[in-house]
Asks: 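The structure follows.
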Amino acid sequence: MDPRARVVVVGGGVIGTSIAWHLARAGVRDVVLVERDELAAGSTSKAAGGVRAQFSDELNIRLGARSLEAFGRFEEEVGQDIGLHRVGYLFLLSTPQQVASFEAGVRLQNSLGVPSRLITPEEARRLSPLITTDGLLAAAYSPDDGHCTPEAVVHGYASAARALGVRILRHTEVTGIDLRGDTVTGVRTDRGPIATDTVVCAAGAWSRAVGAMAGVDLPVRPLRRQIAVTGPVPDLPATLPMTIDFTTSLYFHREGPGLLLGMSDPDERPGFATGTHDRWIPRLAEAMRRRAPALLDLPRTGGWAGLYENTPDHNALIGEASAVSRFLYATGFSGHGFLQGPAVGEVIRDLYLKRAPFLDVGPLSAGRFAADAPRPEANLV
């Protein structure tokens, strides 16, 4: 193993591989990406694959919209088919408060070029015929959103990054970060040390431990989320949008001839467990009964569990440590990391090169919590 690198990226999911590719494409040489398992083995491969710009926070809207543009040209630019389906996101709204919140969100999204709109329950059912409109007041829909294949995005970035000279070290665990005073001087791994003056933490749910190695507090907590896959659904529309019942967080989208579906579990406690269990099924069934009773008759054919990387305000940590030179980070996306991966790679590239990114991510600094300046995101799934 070459013991030197200009930049060491820690984490081989969508964020890490996007950063590595963007750096290399900008001409940065001697970039090393370190992944303790296989590429995409962490949260990325367990993601539902949704891509959207329908958020309540301007920064998230812009990160999502920028990434949607990148996903749209991914095959041409990066060289990988990612199975992109631009079928839209459909948020089902059942309370006046939800409608008011999404009305404000749509106004902000429209001002930033996102073609979202509020629609009637009847139009929502035409788009997503598996739902019932009982109790629905409205829905929010954007046709530019959709879903794609997370592993394909990671392997596309990784292959293109390798072609530009990035070294990717799989099955290599970071065990420490060396400092001289407040300056990064190297990364220790179980395969030997790497001398470097720059570390980028893109370690997802494991980021808090990586940050601690450099004395940087990254307030990220892992939380298990589960996904189920169903058998074939007769007459399933090819254009079925990602459909989300905002009251229960039940969501589903087309996956081959069947559906991929999931929802949050308020009984889940933070931790690194990724085994599947059936404790969430009664609540899932109740949500289906309320909003999409046709789903109750579908057989479950599989499923998995993965980790959200939650922060206290459910918004990302993006920036560069102020007290350690040079430790950059992009983590804590709280379920939005996959869909923001392309834009975040671009932002970290520019922060490394000390030039202004396409948007100011200062409000997403990890220091916002110490400054009592959280930045909450309302449109959570």
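Throughout, numbering of the chain's residues begins at 1 and tracks the sequence. Values in this document were obtained by computation on a predicted structure and should not be read as measured data.
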Asks: Give a yes-or-no answer on whether the side chains of E377 and N60 include a donor-acceptor pair shorter than 3.5 Å.
Replies: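 There is such a pair between these side chains.
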Asks: Can you name the residues that form a side chain to side chain contact (heavy atoms under 4.5 Å, CB included) with D217, not counting sequence neighbours?
Replies: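 Listed in chain order: R208, P219.
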Asks: Using a distance-only test with no angle check, is there a side-chain donor-acceptor pair under 3.5 angstrom linking S116 and Q109?
Replies: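 There is such a pair (donor and acceptor under 3.5 Å, judged by atom type) between the side chains of S116 and Q109.
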Asks: Is a donor on one side and an acceptor on the other found under 3.5 Å between the side chain of K46 and the backbone of Q226?
Replies: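 Checking the backbone N and O of Q226 against the side chain of K46, no donor-acceptor pair under 3.5 Å is found.
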Asks: Looking at R368 and A370, would you say the former's side chain and the latter's main chain have a donor-acceptor pair under 3.5 Å?
Replies: no
Asks: On the six-membered ring of F55, is R52 placed so that its NZ or CZ lies under 6.0 angstrom from the centre and within 45° of the ring axis?
Replies: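 Verdict for F55: a cation-pi partner in R52.
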Asks: Dump the intermediate steps for side-chain contact (heavy atoms from CB on, under 4.5 Å) on L218 and V210, then the final yes or no.
Replies: CA-CA 9 Å; L218 298 176; V210 175; 5.9 Å; no
Asks: Can you find a heavy atom in the side chain of V229 that is under 4.5 Å from one in the side chain of R300?
Replies: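 Not in contact.
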Asks: Of all the heavy-atom pairs spanning L240 and L127, show the shortest one and how long it is.
Replies: CD1-O, 4.1 Å
Asks: Show me, pair by pair, the donor-acceptor contacts under 3.5 angstrom made by side chains of residues 13-20, not counting sequence neighbours?
Replies:
from : atom 1 : to   : atom 2 : distance (Å)
T17  : OG1    : G13  : O      : 2.8
T17  : OG1    : V14  : O      : 3.4
S18  : OG     : H22  : ND1    : 3.3
S18  : OG     : G341 : O      : 2.9

Asks: Is it the case that the ring center of F71 lies less than 6.0 angstrom away from the ring center of F338?
Replies: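 Judged by ring-centre distance (under 6.0 Å), F338 and F71 do meet the cut-off.
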Asks: When you measure from the side chain of N315 to the backbone of R375, do you find a donor-acceptor pair of N or O atoms at a distance under 3.5 Å?
Replies: yes
Asks: Do E309 and T331 have side-chain atoms, one donor and one acceptor, less than 3.5 Å apart?
Replies: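 There is such a pair (donor and acceptor under 3.5 Å, judged by atom type) between the side chains of E309 and T331.
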Asks: Which heavy atom of A214 sits nearest to which heavy atom of F327, and what is that distance?
Replies: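 Answer, listing the atom of A214 first, then F327: CB-CD1, 3.7 Å.
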Asks: Using atom types as modelled, flag every donor-acceptor pair under 3.5 Å from a side chain in residues 284-298 to any protein atom, sequence neighbours excluded.
Replies:
from : atom 1 : to   : atom 2 : distance (Å)
E286 : OE1    : R289 : NH1    : 2.9
R290 : NH1    : D245 : OD2    : 3.2
R291 : NE     : D245 : OD1    : 3.4
R291 : NH1    : T132 : O      : 2.6
R291 : NH1    : D134 : O      : 2.9
R291 : NH2    : D134 : O      : 3.0

Asks: If only atom types and distance count, is the side chain of Q80 paired as donor or acceptor with the main-chain N or O of I82 below 3.5 Å?
Replies: no
Asks: Report the residues that fulfil salt bridge (Lys or Arg N to Asp or Glu O under 4.0 Å) with E38, sequence neighbours left out, ordered by chain and then residue number.
Replies: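 Partners of E38 under the salt bridge (Lys or Arg N to Asp or Glu O under 4.0 Å) test: R170.
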Asks: Could you give me the CA-CA distance, side-chain angles and deciding distance for V28 and R6, then say whether side-chain contact (heavy atoms from CB on, under 4.5 Å) is met?
Replies: CA-CA 8 Å; V28 180; R6 184 171 294 179; 3.9 Å; yes
Asks: Report the residues that fulfil ring-ring contact (aromatic ring centres under 6.0 Å, His included) with F333, sequence neighbours left out, ordered by chain and then residue number.
Replies: none
Asks: Less than 4.5 Å apart, side chain to side chain, heavy atoms only: is that true for F369 and D313?
Replies: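 F369 reaches D313 side chain to side chain.
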Asks: Tell me the ring pair (Phe, Tyr, Trp, His ring centres under 6.0 Å) pairs involving residues 301-323, sequence neighbours left out?
Replies: none
Asks: List for me each residue that meets side chain to side chain contact (heavy atoms under 4.5 Å, CB included) alongside R29, sequence neighbours excluded, and say none if there are none.
Replies: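 Here no residue qualifies.
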Asks: List for me each residue that meets side chain to side chain contact (heavy atoms under 4.5 Å, CB included) alongside T185, sequence neighbours excluded, and say none if there are none.
Replies: D178, R180
Asks: T189 side chain to P193 main-chain N or O, any donor-acceptor pair under 3.5 Å?
Replies: no
Asks: Could you tell me whether the side chain of N110 and the main chain of V114 form a donor-acceptor pair under 3.5 Å?
Replies: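 Here the side-chain-to-backbone pair exists.
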Asks: Consider only side-chain N and O atoms of Q98 and T247, and report whether a donor and an acceptor are under 3.5 Å apart.
Replies: yes
Asks: Could you list the residues that satisfy ring-ring contact (aromatic ring centres under 6.0 Å, His included) with F102, not counting sequence neighbours?
Replies: F91, F246
Asks: Report yes if the side chains of S45 and P150 come closer than 4.5 Å at any heavy-atom pair, otherwise no.
Replies: no
Asks: Would you confirm whether S128, through its side chain, and L130, through its main-chain N or O, come within 3.5 Å as a donor-acceptor pair?
Replies: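 The answer is no, because no donor-acceptor pair under 3.5 Å joins these two groups.
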Asks: Short question: side chain of S67, backbone of L63 - any donor-acceptor pair under 3.5 Å?
Replies: yes
Asks: Tell me whether F252 shares a hydrophobic cluster with L92, the cluster being built from Ile, Leu, Val, Met, Phe, Trp, Tyr side chains joined at under 4.5 Å.
Replies: yes
Asks: Can you see which heavy atom on Y352 is nearest to which on L328, and at what distance?
Replies: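 Closest heavy-atom pair between Y352 and L328: N-CD2, 3.9 Å.
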Asks: Determine, using the 4.5 Å side-chain heavy-atom cutoff (strictly less than), whether V216 and V347 are members of one ILVMFWY cluster.
Replies: no
Asks: Are side-chain heavy atoms of E58 and L112 found at a separation under 4.5 Å?
Replies: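 Yes, side chains in contact.
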Asks: Under the criterion side-chain contact (heavy atoms from CB on, under 4.5 Å), I'd like the reasoning laid out for T230 against L261: C-alpha separation, chi angles, the key distance, then a yes or no.
Replies: CA-CA 8 Å; T230 77; L261 54 89; 3.7 Å; yes
Asks: If every non-hydrogen atom of A5 is compared with every non-hydrogen atom of I194, which pair is closest and at what distance?
Replies: CB-CG2, 3.8 Å
Asks: Could you give the distance from CG (L68) to CG (L84), rounded to the nearest 0.5 Å?
Replies: 8.0 Å
Asks: Would one find more than 12 heavy atoms of other residues, nucleotides or ligands at under 6.0 Å from atom CD of E76?
Replies: no
Asks: Answer yes if Y251 and I119 sit in the same cluster of Ile, Leu, Val, Met, Phe, Trp and Tyr residues linked by side chain heavy atoms under 4.5 Å apart, and no otherwise.
Replies: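 No, separate clusters.
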Asks: Verify the cluster assignment for V166 and V187: are they in a single hydrophobic cluster under the rule of side-chain heavy atoms below 4.5 Å apart?
Replies: no
Asks: Show me the pairs that pass ring pair (Phe, Tyr, Trp, His ring centres under 6.0 Å) and involve residues 196-227, at least two apart or across chains.
Replies: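 Listed once each, the pairs are W206-F272.
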Asks: Please tell me whether V51 and L90 are part of a single hydrophobic cluster in this structure, the criterion being side-chain heavy atoms less than 4.5 Å apart.
Replies: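 Looking at the clustering, L90 is in a separate group from V51.
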Asks: Does L317 reach the side chain of L364, with side-chain heavy atoms less than 4.5 Å apart?
Replies: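 No, side chains not in contact.
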Asks: Identify all side-chain donor-acceptor contacts of residues 140-149 below 3.5 Å with residues at least two apart in sequence or on another chain.
Replies:
from : atom 1 : to  : atom 2 : distance (Å)
D145 : OD1    : A53 : N      : 3.1
D145 : OD2    : Q54 : NE2    : 3.1

Asks: Considering non-hydrogen atoms only, spot the tightest contact between T248 and M263 and give its length.
Replies: O-CE, 3.3 Å
Asks: Could you give me the CA-CA distance, side-chain angles and deciding distance for E123 and R117, then say whether salt bridge (Lys or Arg N to Asp or Glu O under 4.0 Å) is met?
Replies: CA-CA 12 Å; E123 187 176 355; R117 65 183 190 272; 3.1 Å; yes
Asks: Would you say that V184 contacts D197 through its side chain, given a criterion of any heavy-atom pair below 4.5 Å between the two side chains?
Replies: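 Not in contact.
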Asks: Would the distance check show the side chain of S334 and the main-chain N or O of G332 forming a donor-acceptor pair, the cut-off being under 3.5 Å?
Replies: yes
Asks: So how far is it from L59 CG to D360 CG, rounded to the nearest 0.5 Å?
Replies: 7.5 Å
Asks: Who passes salt bridge (Lys or Arg N to Asp or Glu O under 4.0 Å) against R221, sequence neighbours left out?
Replies: none
Asks: What are the two closest non-hydrogen atoms of L351 and G319, and how far apart are they?
Replies: CD1-CA, 3.9 Å
Asks: Assess whether side-chain contact (heavy atoms from CB on, under 4.5 Å) is satisfied between L164 and W21, documenting all intermediate values.
Replies: CA-CA 8 Å; L164 293 170; W21 179 75; 4.0 Å; yes
Asks: Judged by atom type as modelled, is there a donor-acceptor pair below 3.5 Å linking the side chain of T133 to the main-chain atoms of L136?
Replies: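 Checked: no pair found.
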